[in-house]
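Position 1 is the first residue of the sequence; numbering continues from there.
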Amino acid sequence: MTDLLQRILPTVQKPARYTGGEYNEVKKDPQNVRVNVAFCFPDTYEIGMSNVGMRILYGVMNEMEGVWCQRVFAPWGDMEQAMRQHDLPLWALESRMSVKDFDMIAFTIGYEMCYSNILNMLNLAHVPLRSSERKGLKNIVFAGGVCTFNPEPLAPFVDFFSLGEGEESTVEILSLYDRAKAENWSKEQFLEAVSEIPGVYVPSFYEHTYNEDGTLKEIIAKQGAPEKHTKRIVENLDESYFPTKMIVPSTEIVHDRANIELFRGCIRGCRFCQAGYSCRPVRKKSPAVAYRQAVACLEDFGASEITLSSLSTSDYRGLRELTDELIPYCEQHKVSLSVPSLRADNFSQELMERIQVGKKSGLTFAAEAGTQRLRDVINKNLSEEEILTTCANAFSGGWSSVKLYFMLGLPTETDEDVLGIAELVFKIIKTWQQCATNKKRGLRVHVATAFFVPKPHTPFQWEAQITPEEYLRRCKLLKDHFYSKSIVYSYHAPDLSRLEAVMARGDRRIAPVLEEAVRLGAHLDGWDEYFDNSIWMQAFENCGVDMNFYTTRGFQENEKLPWDPIDVGVTKEFLKRERHVAYESKNSPDCRHKCLGCGANCLLKEGKCDE
């Protein structure tokens with residue numbers, strides 16, 4: 001640790017964010033390292049250290065001979081200020097080596113509001129922002145994660161994108177770079193070679209042209225690049241790498257617990273959910289493997305809590321078999337077992353009793369819409385009866401707190417649908433009054449509404465977003481109809497969700513706006529303490545870009561989309577069919593009941609989803 005850093009650390013919040021030295025971090029002899037990778041998470045330490053994907057890829061890269069992957073996180077505002085004041089470049093935790101001295105700089109991106117952090121971290125590292133300004137093989141910047149399914153707002157800054165699941169493709173990419181460095185290739189040679197790896201998209205090999213009305217006219221592939229890039233998936237999760245030796249954080253993190261992934265993909269078809277479509281097809285881990293990994297994690301990590309996670313955990317077919325083994329182990333070792341992402345339509349009394357052996361914590365369900373008509377529009381496949389039955393089971397089992405999540409601004413939503421949320425909450429309160437066995441503590445119903453953001457690769461990718469003013473009107477309408485003191489209501493700020501929609505569906509013309517916003521001071525936009533909408537409004541004005549073009553305008557079905565070159569497996573024809581069915585207020589069955597031909601099974605060798 002440098003003397004300068006030693007002097008700075010006592011002056012900032014949570015100095016342990018910046019020191020490294022944690023149990024299970026990977027240290028390697030620099031003399032035996034041929035490829036140094038700075039693995040950057042564009043948010044703070046406590047967020048990044050909770051990310052399962054980062055844990056997996058950190059292990060995958062460090063398993064490679066001659067490769068050393070080191071972690072880098074975005075500094076909090078006080079540390080950033082000190083770094084700029086003392087001209088201290090951003091560093092990696094394992095060796096405290098400056099990021100600018102690394103061969104490759106990798107970002108994992110799961111949230112659009114981290115885009116400003118990516119540029120800000122490069123700036124703090126003294127690394128040129130634009131790919132065209134970085135010459136040679138030093139500081140090759142690449143990125144992966146769900147946000148890269150529309151990579152265009154970041155296209156000028158990232159040398160290439162790794163699409164989909166990275167356990168296998170990352171090894172191929174780093175092996176190729178190792179060879180390129182040894183043979184002294186040019187950057188252009190390396191990019192041409194890496195573009196031939198399935199799932200790798202090099203944005204500089206594509207030219208975008210626009211129509212007079214501003215819509216995208218054509219995407220021209222150059223230098224022999226393919227018109228489509230298909231994401232990578234891992235077919236066999238039982239044989240795939242999973243880290244059972246996890247880094248023990250030096251300070252409190254958001255999810256300070258062991259985390260076992262049960263399956264990838266989702267059998268549901270909620271029409272607003274990007275992950276539900278872009279992570280298809282479904283592939284599950286066997287209960288035996290999940291149990292072995294859980295025990296190994298707990299014994300090494302020393303956590304007092306373990307989570308069984310997936311997009312919809314209660315859809316895991318082996319959940320009963322797994323909990324039959326895991327619950328006795330957890331009871332014996334005083335470990336709390338958590339099963340999030342549960343659905344009200346299959347969350348039974350038996351399941352509640354199995355996972356809540358001790359204290360009754362609150363239940364959380366995403367109802368998303370207040371009326372059955374609108375739940376059918378979004379294909380939630382959830383009835384009011386199922387919601388109330390679930391709540392009745394919970395209240396009779398001793399629960400006294402329920403969290404309900406909804407969205408406002410969904411396609412076809414009316415004021416009647418908004419007021420349907422208040423009516424549903426009132427019925428839940430009546431259910432508690434009738435069924436509760438523990439009325440001494442009283443009831444708490446936490447209601448949260450989010451501003452609907454249309455996302456790429458979903459049936460709603462073409463939809464218009466309502467204005468922030470209209471969203472706030474609907475929030476007030478709902479709040480005015482909450483009459484019980486048992487209700488705690490919160491709603492997301494509309495400015496942030498509006499910007500998220502721009503970044504989610506933006507094209508390359510958003511890149512200069514992003515660059516200008518960072519120049520004006522945008523950073524840590526996912527945090528209320530730092531998000532400043534006025535900075536972004538100034539950046540859009542300075543660059544002459546209209547936000548409404550990407551939000552309230554909506555997109556036409558025959559319009560070329562910025563993310564058209566990216567193939568997540570689900571076909572555009574299927575998404576259009578689902579959109580049309582949505583406007584008829586009709587449900588589509590989930591994958592277990594009927595295959596609707598979304599196309600994702602074509603990514604599997606045998607062509608059959610593991611649902």
Will you find, in the side chains of [X] and [Y], an N or O donor that is under 3.5 Å from an N or O acceptor?
X      : Y      : value
Tyr550 : Asp507 : yes
Asp525 : Ser116 : yes
Trp185 : Glu183 : yes
Arg519 : Asn542 : no
Trp563 : Gln461 : yes
Gln223 : Glu188 : yes
His208 : Glu218 : no
Glu80  : Asn120 : yes

Under 3.5 Å donor-acceptor, [X] side chain and [Y] backbone:
X      : Y      : result
Asp417 : Thr414 : yes
Asp495 : Asn533 : no
Asn36  : Val67  : no
Asn51  : Met54  : yes
Glu578 : Ser588 : no
Lys231 : Val568 : yes
Arg134 : Phe157 : yes
Thr148 : Gly144 : no

[atom1] of [X]: more than 12 outside heavy atoms within 6.0 angstrom?
X      : atom1 : answer
Gln556 : CD    : no
Lys222 : NZ    : yes
Glu416 : CD    : no
Lys476 : NZ    : no
Lys576 : NZ    : yes

Checklist line | Gln465 vs Val453 side-chain heavy atoms within contact, under 4.5 Å | finding: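 The answer is yes, as the side chains (C-beta and beyond) meet within the 4.5 Å cut-off.
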Margin query: Just so I know, are the side chains of Ile56 and Glu261 near enough to count as touching, which here means a heavy-atom distance under 4.5 Å?
Written below: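 Touching, per the 4.5 Å side-chain cut-off.
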Next item on the list: Determine, using ring centers only, whether Phe160 and Tyr201 are less than 6.0 Å apart.
Entry: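 Between Phe160 and Tyr201, which both carry aromatic rings, the centre distance is not below 6.0 Å.
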Next item on the list: May I ask you to check whether His229 and Tyr206 place their ring centres under 6.0 Å from each other?
Entry: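 When the ring centroids of Tyr206 and His229 are compared, they turn out to be within the sub-6.0 Å range.
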Checklist line | Candidate pair Arg579 and Glu557, rule salt bridge (Lys or Arg N to Asp or Glu O under 4.0 Å), full reasoning | finding: CA-CA 10 Å; Arg579 186 189 188 210; Glu557 283 191 359; 3.0 Å; yes
Note to self: Once you measure the plane-to-plane angle for Phe451 and Tyr471, does it fall in the parallel (<30°), tilted (30-60°) or perpendicular (>60°) bin?
What the structure shows: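 If you compare the ring of Phe451 with that of Tyr471, the planes turn out parallel.
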Ring of [Y], cation from [X] - is the NZ or CZ under 6.0 Å from the centre and inside 45° of the axis?
X      : Y      : value
Arg505 : Phe555 : yes
Arg509 : Tyr210 : yes
Arg55  : Tyr58  : no

Note to self: Quick check: closest heavy atoms across Arg283 and Leu237, and the distance to 0.1 Å?
What the structure shows: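 That would be O-CD1, 3.3 Å.
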Notebook entry, point to check: Roughly how far apart are Ser175 OG and Ile197 CD1, rounded to 0.5 Å?
Noted result: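 The OG atom of Ser175 sits 8.5 Å away from the CD1 atom of Ile197.
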